[in-house]
Number of protein chains: 2
Amino acid sequence: MSRKQTLADRCDCEVIHEDIVNQVREKMPQEETLYELADFFKVFGDSTRIRILWALDEAEMCVCDIAALLNMTQSAISHQLWVLKQAKLVRNRKEGKVVYYSLDDEHVRLILDQGLTHIKEV
Amino acid sequence: MSRKQTLADRCDCEVIHEDIVNQVREKMPQEETLYELADFFKVFGDSTRIRILWALDEAEMCVCDIAALLNMTQSAISHQLWVLKQAKLVRNRKEGKVVYYSLDDEHVRLILDQGLTHIKEV
DNA sequence: ATAATATGTGAATAGTTGCTCATGTGTTCA
DNA sequence: TGAACACATGAGCAACTATTCACATATTAT
C-alpha cells in the first residue's frame with residue numbers, strides 16, 4: 001500500500017515526484033480553458049481549412065471562388081466555412097446571391113507563420 | 001455552357017471572380033506544405049496533448065508523473081507522448097527505469113499563448 | 001535468477017470528423 | 001411567376017483517432 005491516495009487511481013504506476021506534480025498542478029490553467037484551446041487548434045488541423053484561411057488571407061472571396069480554387073464542391077467548402085465561422089476565424093457579408101468571406105482575426109496569419117517556422121526547422 | 005473549362009469540374013457553381021482566383025492560386029504555398037502545416041496543428045488539437053505540453057512547459061516530468069497529474073493511464077500518456085515526439089515537440093532522456101520528457105521547441109509556448117489570446121478575445 | 005517497477009506497443013473499440021448527396025432557402029432576372 | 005443561381009444544411013458513410021487492454025521490454029533490487 002505505497003500508493004499515494006491523494007492522486008487518482010487510474011494511473012497504474014507510482015508517482016515519482018509528488019512535489020513537482022503538485023507544483024505543476026497549481027500552475028495549470030483550468031480544464032475548461034485547455035479544452036477550448038484544443039478546440040481552437042483543432043480548426044487549424046485540417047488541410048482544407050488551412051487552405052481556406054491561407055486563401056482568405058490573400059483576398060476576400062465568395063464560396064464559389066474558394067471551391068474552384070481548391071478544386072472541391074461548394075457543399076464541402078460551405079461546411080468548412082461554417083466551422084471557421086464558429087471559431088470566429090472568418091466573417092461574411094452578403095451581396096445579393098453572393099456571400100463573401102474574409103478573415104476575422106488578425107493573428108490567424110501569425111499562427112500560420114509560427115507553424116510554418118516549426119515545420120521548416122525540422 | 002458558360003462553365004470555365006480551365007477549372008476542375010467538381011465545383012457545382014460558376015466561378016465568379018476568375019482573375020482573383022488565379023491570382024490567389026499563384027500565391028498559395030505548395031500543397032505539401034499546407035498538409036504538413038495541418039498535421040502540425042492537428043497535434044495541438046487534442047486536450048490531452050495540450051495539457052501535456054502545458055505541463056512540460058512548467059517542468060520536466062516522467063511518464064508516471066504526467067499520468068498522475070492528468071489523471072489518466074500511463075499507457076494513454078505514453079501513446080500521446082509518442083505523437084508529440086513525432087511532431088518534434090518533446091524530447092526525452094532516460095535515467096534508469098525512468099524516462100523524462102521535456103519540451104523540444106521554443107515556440108510551443110508562443111503558439112499556445114496566441115491560441116489563448118484568441119479564445120479570450122472571443 | 002526472480003520479483004517489482006517504469007515504460008513502450010499492437011490490437012480492438014468507441015467516438016469523432018470530413019465529405020457526398022439530396023434538398024432547402026434566398027435572390028436575381030426574364 | 002417561375003427558372004436559374006449561390007449558398008446552407010441535415011443525413012449518411014467512410015476514414016481517422018484517442019483510449020483501453022493485454023502484453024512486451026528494460027532496468028533495478030532482493
Side-chain angles (χ1 to χ4, degrees), chain A residues 1-4 8-18 21 34-35 38-39 41-52 61-87 90-101, chain B residues 1-4 8-17 21 35 38-39 41-52 61-87 90-101:
Chain A
M1 253 310 287
S2 64
R3 164 153 259 136
K4 315 292 188 300
D9 215 36
R10 300 191 56 203
C11 178
D12 53 351
C13 57
E14 303 295 325
V15 177
I16 300 181
H17 314 87
E18 194 172 11
V21 170
L34 295 171
Y35 276 95
D39 284 338
F41 284 116
K42 209 169 288 181
V43 178
F44 288 87
D46 176 76
S47 62
T48 299
R49 288 192 292 267
I50 286 278
R51 291 189 296 165
I52 293 175
M61 290 198 285
C62 69
V63 182
C64 267
D65 292 342
I66 301 173
L69 171 67
L70 304 186
N71 193 25
M72 291 179 68
T73 65
Q74 171 267 319
S75 179
I77 299 301
S78 200
H79 278 293
Q80 296 300 357
L81 283 170
W82 183 86
V83 175
L84 290 169
K85 197 177 178 187
Q86 294 305 304
V90 303
R91 60 163 166 266
N92 57 6
R93 68 183 174 86
K94 198 167 182 180
E95 201 170 284
K97 292 183 291 188
V98 184
V99 179
Y100 291 92
Y101 282 85
Chain B
M1 255 308 287
S2 64
R3 162 154 258 138
K4 313 293 187 302
D9 216 36
R10 300 191 59 204
C11 176
D12 54 353
C13 57
E14 304 295 325
V15 177
I16 300 182
H17 313 89
V21 170
Y35 276 95
D39 284 337
F41 284 116
K42 209 168 287 180
V43 178
F44 288 87
D46 176 78
S47 62
T48 298
R49 288 191 293 266
I50 286 279
R51 291 189 296 164
I52 292 175
M61 290 198 286
C62 69
V63 183
C64 268
D65 292 342
I66 302 174
L69 172 66
L70 304 187
N71 192 25
M72 292 179 66
T73 65
Q74 172 269 320
S75 180
I77 300 300
S78 197
H79 277 294
Q80 295 300 354
L81 283 169
W82 183 86
V83 175
L84 290 169
K85 196 176 179 188
Q86 294 305 304
V90 304
R91 62 165 165 266
N92 57 7
R93 68 182 175 83
K94 197 167 183 180
E95 201 170 282
K97 290 184 288 187
V98 184
V99 179
Y100 292 92
Y101 282 84

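Protein chains get the first letters and strands the later ones, always in sequence-line order, with residue 1 at the start of each.
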request  = Let me know, please, whether A/H79 or B/I16 comes out on the 5' side of the other along DNA chain D by nearest nucleotide.
outcome  = B/I16
Give the rounded distance in Å between these two atoms: [atom1] of [X] and [atom2] of [N].
X	N	atom1	atom2	result
B/Q86	D/dA18	CD	P	14 Å
A/I77	C/dC21	CD1	C1'	16 Å
A/Y100	D/dA6	OH	P	11 Å
A/Q74	C/dG26	CD	C1'	13 Å
B/E95	D/dT27	CD	P	13 Å
A/M72	D/dA8	CE	C1'	16 Å
A/D39	D/dA18	CG	P	13 Å
A/D46	D/dA15	CG	C1'	13 Å

Counting side-chain heavy atoms from CB outward, which of [options] is closest to [X]?
X	options	result
B/C64	D/dA8, D/dA6, C/dA6	C/dA6
B/Q80	D/dG10, D/dA6, D/dA18	D/dA18
A/W82	D/dA6, D/dT9, C/dG26	D/dT9

query = Where each residue is assigned the nucleotide of DNA chain C containing its nearest heavy atom, which of A/A76 and A/K97 is assigned the position nearer the 5′ end?
reply = A/A76
ask   = NA contact type, A/K42, heavy-atom cut-off 4.0 Å: base, sugar-phosphate, or nothing?
value = sugar-phosphate
ask   = Would you say the side chain of A/S75 and the base of C/dC21 hold a donor-acceptor pair, judged only by whether the two atoms sit under 3.5 Å apart?
value = yes
Criterion side chain to side chain contact (heavy atoms under 4.5 Å, CB included) against A/V90, the qualifying member of A/R49, A/K85, A/Q80 = A/K85
At under 4.0 Å, does any side-chain N or O of [X] touch on OP1 or OP2 of [N]?
X	N	result
B/T48	D/dT19	yes
B/S78	C/dT7	no
B/Y101	C/dA6	no

Rounded to the nearest 0.5 Å, what's the gap from [atom1] on [X] to [atom2] on [Y]? Could you check?
X	Y	atom1	atom2	answer
A/S47	B/K42	OG	NZ	7.0 Å
B/I77	B/L70	CD1	CG	5.0 Å
A/I66	A/L81	CD1	CG	5.0 Å

inquiry  = Would A/L69 and A/D65 count as a side chain to side chain contact (heavy atoms under 4.5 Å, CB included) here? Give the steps.
reply    = CA-CA 6 Å; A/L69 171 67; A/D65 292 342; over 6 Å; no
